[in-house]
Structures are given as C-alpha cells and as structure tokens.
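Here is the structure we will look at, set down as structure tokens.
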Amino acid sequence: MLTIKYVTEHTEEAIARLAKKHFDGRELLGRVVELNNLRKSTQVELDTASAEMNRLSKEIGLLFKEGKKAEADAAKAKTGELKDKIKVLNDQMTSAEQQITEILLQVPNVPCDAVPEGAGAQDNVVEKMGGSMTDLPENPLPHWELAKKYDLIDFDLGVKITGAGFPVYKGKGAQLQRALINFFLDEARAAGYLEVMPPTVVNAASGYGTGQLPDKEGQMYHCEVDDLYLIPTAEVPVTNIYRDVILEEKSLPIKNCAYTQCFRREAGSYGKDVRGLNRLHEFSKVEIVRIDTPEHSYESLKEMLAHVESLVQKLELPYRILRLCGGDMSFTSAICFDFEVYSEAQKRWLEVSSVSNFESYQANRLKCRYRNADKKIQLCHTLNGSALALPRIVAALLENNQTDKGIRIPAALVPYTKFEWID
RNA sequence: GGAGAGGUGCUCGAGUGGUUGAAGAGGCACGCCUGGAAAGCGUGUAUACCCCUAAAGGGUAUCACGGGUUCGAAUCCCGUCCUCUCCGCCA
C-alpha cells in the first residue's frame with residue numbers, strides 16, 4: 001500500500017497519478033489526510049497523558065519504598081481519571097490507524113511517469129516485436145488438437161481426477177514440462193538468480209504481504225480448516241521471505257528465482273479464451289523476484305526484461321513486448337510489461353510473462369526495508385516477473401513448430417527434453 | 001492427535017511486580033595503540049510513531065501476538081500462534 005507519508009505530503013500528485021489508473025482517489029485520500037491529522041493530535045494528547053502516568057507511578061513506587069503509605073494512597077487516587085483518559089485516547093488512536101490502513105488497502109499503487117494513458121488492453125503500447133512467424137502446414141491445428149494427436153495432454157482425464165483446468169500431461173508432454181522448468185531455472189541461475197524452493201501453501205499474513213489479500217481473496221484456493229492459501233504465483237512465498245526484515249544496502253539487489261506450481265480459481269472464466277492450455281487452474285511457472293534500492297530498481301527492471309526476452313528468443317517464438325497502459329495495469333504495480341507469444345493456429349497473442357516494478361508499494365505492506373549508506377532505513381523496491389509460465393509457452397511451441405513429420409523441439413531445449421521431435 | 005517444557009535485543013543469555021529499552025557475554029562498527037596486524041583499551045550498536053528542529057533534544061509504544069489484573073508488568077492471569085521433548089501416526 002501507499003505510505004501515509006506519501007499520501008499526506010503529496011496528496012494532489014497521488015490523485016493525479018491514480019487518475020491514470022482510472023481510480024478516483026480524491027475522497028479516499030482526503031479522508032486519509034483528515035484521519036492522519038486526527039491521529040497525530042490524538043497521539044500528542046495520549047503521549048502527554050502517558051508520560052504523566054509514568055511519572056506518577058514512579059513517584060508512588062518511591063513513596064512506598066520510603067514507607068509513606070498515606071501519601072502513596074493519596075497519589076493513587078489521582079491516577080484513576082488519567083487512566084480513563086488514556087484508555088479513551090488509545091482507542092481513538094487505534095481506530096484512526098485502522099481506518100487509515102483500511103482505506104489505503106483499497107487504493108492501488110500509483111503508476112510511474114513512463115506508463116502510457118489508456119483505458120484497457122487495446123491501449124497498451126507495443127514496445128517491441130521479435131522472432132519470426134513460422135511457415136505452418138496448411139490448416140494448422142490448435143494445441144489442444146495436437147495434444148490429443150500426439151497424446152501429450154489429457155484434459156478429460158484431468159476433469160475426472162480433479163475438474164476442468166487441471167490437465168494430465170503424459171509421455172513427451174510430461175517430459176516437456178520438466179524440460180522447460182529446468183531450462184528456465186538454469187537460465188535464471190546463469191543470470192545470477194538464487195534458486196529457492198518455497199512452500200506452495202501460505203498463511204494469510206503472506207497473502208496480505210504481497211497484496212493478494214484482501215482484495216483478491218476469491219482468486220486463491222483456500223484451505224479453510226487450516227486457514228492457508230494455495231499460492232497463485234511463487235511471487236507470494238518468495239517475496240514474503242523478505243517480510244519484516246531490514247536488509248543491508250550492499251546485499252541489494254537480491255535476485256531470487258523459483259519454480260512452483262501455481263493455483264488460480266479464475267472464477268467466471270469460460271469460453272474459447274480458456275480452451276486447452278490458455279487458462280488453467282493449476283500450472284507450472286518459474287518466477288524471478290528482485291528486492292532493490294529505489295535508485296537502482298528501474299535498472300533491475302531493464303535487466304529482467306532482457307532476461308525474459310532472451311528466453312523467448314532461445315525458444316524461437318514470435319513475441320512482442322507490451323508496455324501496459326494505466327487502465328490495464330494490476331492494482332499493485334507501478335509499471336508493467338507483458339510478454340506475449342503468437343499462437344499461429346489460434347491467430348492470437350498469448351500472454352506468457354508479466355514483469356513489474358512495484359516500487360515501495362509491496363515493500364510497505366511487507367515492511368521490507370534496507371539500511372542505506374547513511375544508516376537511514378528506507379523501504380525497498382520489489383520487482384517480479386514470470387520467466388516463464390509454462391502452459392501458453394507449450395501451446396505456442398506445439399502450434400508454431402508443427403510440421404508434416406511432427407513437432408520440432410527448439411535447439412536450446414533439446415538438451416533438456418533429450419528428444420528433437422514429438423511424432 | 002495426546003502429555004510436558006518454553007518463546008527476552010544481531011546472537012547467546014540474566015531477569016518472577018517498581019529508574020529494565022532491558023544486566024552480562026559474544027558479534028559487529030568506529031577510535032586509540034601498531035611499521036602493519038593481533039592482543040589490549042575506549043566508545044557505540046533496536047524499531048515505529050509523535051513533539052520540537054538548522055542541528056541538538058524530548059515523549060510514547062514495543063521482551064511471540066492479543067486481552068486482563070495493578071498506581072505500576074518482560075515479570076501475575078486468560079486466549080491465540082509458534083518452537084522443542086516424549087508418545088501416537090506417517091511419505
């Protein structure tokens with residue numbers, strides 16, 4: 001969430017920036033400013049009263065020691081009123097703080113200057129096109145047909161075992177999954193990321209830390225008996241490693257990568273958009289996460305974009321990079337780039353990665369801070385990106401590489417699959 | 001799941017109602033010493049919020065978390081969470 005300091009000191013700027021996300025923050029932020037003034041004045045009163053109380057208590061202690069019981073009892077009598085006052089003021093403080101937090105949780109991150117104006121997906125800016133379209137045989141098949149033809153993925157079996165959106169990968173289909181995961185992890189390690197293998201189930205505190213809770217509660221599978229959530233992305237457990245910590249500046253940027261299964265309820269999505277691998281309830285993804293200083297975070301973002309781009313290039317997929325407009329950005333990001341690969345058979349672009357800088361928005365909730373050269377403690381910037389999510393990569397690989405003699409595996413992947421063709 | 005023990009600062013560890021934000025030790029940082037280092041000596045070493053502010057200074061809160069008792073709680077009581085030991089179960 002946004003910091004109180006930013007909201008109160010740069011209220012107009014925040015409102016103007018939020019407008020780019022088509023969020024009208026005037027009323028909410030105005031209330032934060034009011035509540036914060038109340039909070040401050042209440043604290044002055046409360047602190048004064050508490051100080052007086054502490055003084056009296058010490059005095060009474062001394063009187064007892066000196067055996068002046070009568071005087072001590074007299075002093076005691078004075079504390080009653082003060083005690084009530086402290087209670088009232090304390091409740092007032094807590095209430096104001098809670099209300100502020102409640103409001104701030106509803107306010108999205110402010111987009112940075114580099115974010116273009118726009119209402120929705122149609123206004124995203126194509127930053128770059130790359131790769132080349134492949135010549136496909138006549139009447140190319142969509143991946144769900146190819147998956148059936150070569151017996152790679154069984155969607156019906158998944159329905160039997162679990163439900164729609166939980167496919168069963170078989171034979172070379174399953175091997176391809178492992179190959180991609182290992183390929184992505186090795187590439188990340190070569191780029192300097194430390195691999196971690198976190199839990200795929202997290203507690204509520206972690207959900208709040210990265211912003212899935214409270215606003216996106218319905219997106220996550222919830223184990224009610226234990227009050228735990230299945231992660232929608234490795235971003236959640238990995239970023240939460242840095243919850244409630246103070247890092248040393250020289251340890252930044254922290255670069256982590258992780259492979260996990262990801263679980264998303266995707267309530268209310270039906271139709272051809274979600275056919276086959278296009279949108280699943282469970283999928284594999286390798287995620288990269290960075291914790292950085294505010295001064296360096298945009299440099300980090302660039303490096304992450306370059307890393308993700310190198311992956312789609314090595315997989316020889318036609319791709320494009322989109323700079324998301326204000327209206328299409330997520331709640332928590334300050335800037336976001338999407339990578340899409342072209343699915344020749346479906347005649348559409350598929351999003352395979354999303355690389356974002358959250359600036360201090362997540363870090364504020366996480367209380368992820370660092371000590372700078374002047375020993376001052378500041379919020380870190382957090383960033384993450386998919387590198388990459390498997391299903392749509394698999395969809396694009398199958399569709400774009402289909403030939404009359406089978407599906408060709410890109411050279412970079414062969415050392416991992418140990419086969420060159422799916423036939 | 002059953003029984004017991006326990007959760008104190010960067011770490012270890014003392015502390016069972018009254019200058020304890022917290023002894024002591026270690027670690028770390030800086031200074032002195034040294035040709036350089038070690039040893040030694042000295043100093044410093046939490047976070048948040050608020051007041052005041054040029055700087056300095058000051059106040060409040062925090063000893064897992066939340067609540068209660070009390071003039072006063074790290075210390076007593078209740079609840080929650082977590083860790084450890086033993087038993088049970090188990091890939």
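Here the structure is a predicted model, which is why all the values come from computation and not from measurement. Sequence lines set the chain letters: A, B, ... in the order given, protein chains first and strands last, and positions in each chain run from 1.
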Measure [atom1]/[X] against [atom2]/[N] and give the value in whole Å, please.
{"X": "A:Met93", "N": "B:C50", "atom1": "CE", "atom2": "P", "result": "9 Å"}
{"X": "A:Lys87", "N": "B:G72", "atom1": "NZ", "atom2": "P", "result": "13 Å"}
{"X": "A:Arg39", "N": "B:C49", "atom1": "CZ", "atom2": "P", "result": "8 Å"}
{"X": "A:Met53", "N": "B:A61", "atom1": "CE", "atom2": "C1'", "result": "15 Å"}
{"X": "A:Lys367", "N": "B:A46", "atom1": "NZ", "atom2": "C1'", "result": "15 Å"}
{"X": "A:Asp227", "N": "B:C82", "atom1": "CG", "atom2": "C1'", "result": "15 Å"}
{"X": "A:Gln92", "N": "B:A61", "atom1": "CD", "atom2": "P", "result": "17 Å"}
{"X": "A:Lys85", "N": "B:U60", "atom1": "NZ", "atom2": "P", "result": "14 Å"}

What's the gap between [N] and [M] when it is taken at their [atom1] atoms, as a whole Å value?
{"N": "B:G67", "M": "B:A61", "atom1": "P", "result": "14 Å"}
{"N": "B:G15", "M": "B:G7", "atom1": "P", "result": "11 Å"}
{"N": "B:C33", "M": "B:G42", "atom1": "C1'", "result": "11 Å"}
{"N": "B:C65", "M": "B:C10", "atom1": "P", "result": "13 Å"}
{"N": "B:U11", "M": "B:A64", "atom1": "P", "result": "13 Å"}
{"N": "B:C52", "M": "B:U16", "atom1": "P", "result": "41 Å"}
{"N": "B:C84", "M": "B:U19", "atom1": "P", "result": "35 Å"}
{"N": "B:A73", "M": "B:G17", "atom1": "P", "result": "14 Å"}

How is [X] classified with respect to the nucleic acid when contacts are heavy atoms under 4.0 Å: base, sugar-phosphate, or nothing?
{"X": "A:Ile246", "value": "sugar-phosphate"}
{"X": "A:Ser57", "value": "base"}
{"X": "A:Arg55", "value": "nothing"}
{"X": "A:Leu56", "value": "nothing"}
{"X": "A:Ala51", "value": "sugar-phosphate"}
{"X": "A:Asn54", "value": "sugar-phosphate"}
{"X": "A:Ile377", "value": "sugar-phosphate"}

- [ ] Hey, which sits more toward the 5' end of RNA chain B by its nearest nucleotide, A:Lys76 or A:Thr48?
- [x] A:Thr48
Where the side chain of [X] is defined as all heavy atoms beyond and including C-beta, which of [options] is the nearest nucleotide?
{"X": "A:Lys40", "options": "B:G18, B:A46, B:C51", "result": "B:C51"}
{"X": "A:Lys58", "options": "B:U47, B:U19, B:C71", "result": "B:U19"}
{"X": "A:Gln43", "options": "B:C71, B:A61, B:G59", "result": "B:G59"}
{"X": "A:Ser50", "options": "B:A46, B:A48, B:U60", "result": "B:U60"}
{"X": "A:Asp47", "options": "B:U47, B:C50, B:C71", "result": "B:C50"}

Task: Short N-O contact, A:Arg55 and A:Glu59, less than 4.0 angstrom - done: yes
Open item on the list: Regarding A:Asp91 and A:Lys87, does a basic nitrogen lie under 4.0 Å from an acidic carboxylate oxygen?
Closed with: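 So A:Asp91 pairs with A:Lys87 through a salt bridge.
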- [ ] For the pair A:Arg290 (side chain) and A:Leu383 (backbone), establish whether a donor and an acceptor sit closer than 3.5 Å, ignoring hydrogens and angles.
- [x]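 Looks like no, no N/O pair under 3.5 Å.
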- [ ] Look at the side chain of A:His143 and the backbone N and O of A:Glu399, then say whether any donor-acceptor pair between them is shorter than 3.5 Å.
- [x] no
Open item on the list: Return the pairing partner of B:A14 with a 3.5 Å limit on both distances, Watson-Crick or G-U wobble; otherwise return none.
Closed with: none
- [ ] Could you please name the partner base of B:G44, counting Watson-Crick and G-U wobble pairs only when both distances are under 3.5 Å?
- [x] B:C28
Task: Parallel, tilted or perpendicular, as decided by the 30° and 60° cut-offs, for the rings of A:Phe166 and A:Tyr221 - done: tilted
- [ ] May I ask you to check whether A:His307 and A:Tyr193 place their ring centers less than 6.0 Å from one another?
- [x]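 Centroid distance A:His307-A:Tyr193: below 6.0 Å, so yes.
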- [ ] State whether A:Arg369 places a side-chain N or O below 4.0 Å from either non-bridging phosphate oxygen (OP1 or OP2) of B:U47.
- [x]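 So the side-chain polar atoms of A:Arg369 never come under 4.0 Å of the phosphate oxygens OP1 or OP2 of B:U47.
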TODO: Would you please say whether a donor-acceptor pair under 3.5 Å links the side chains of A:Asn203 and A:Tyr229?
DONE: no
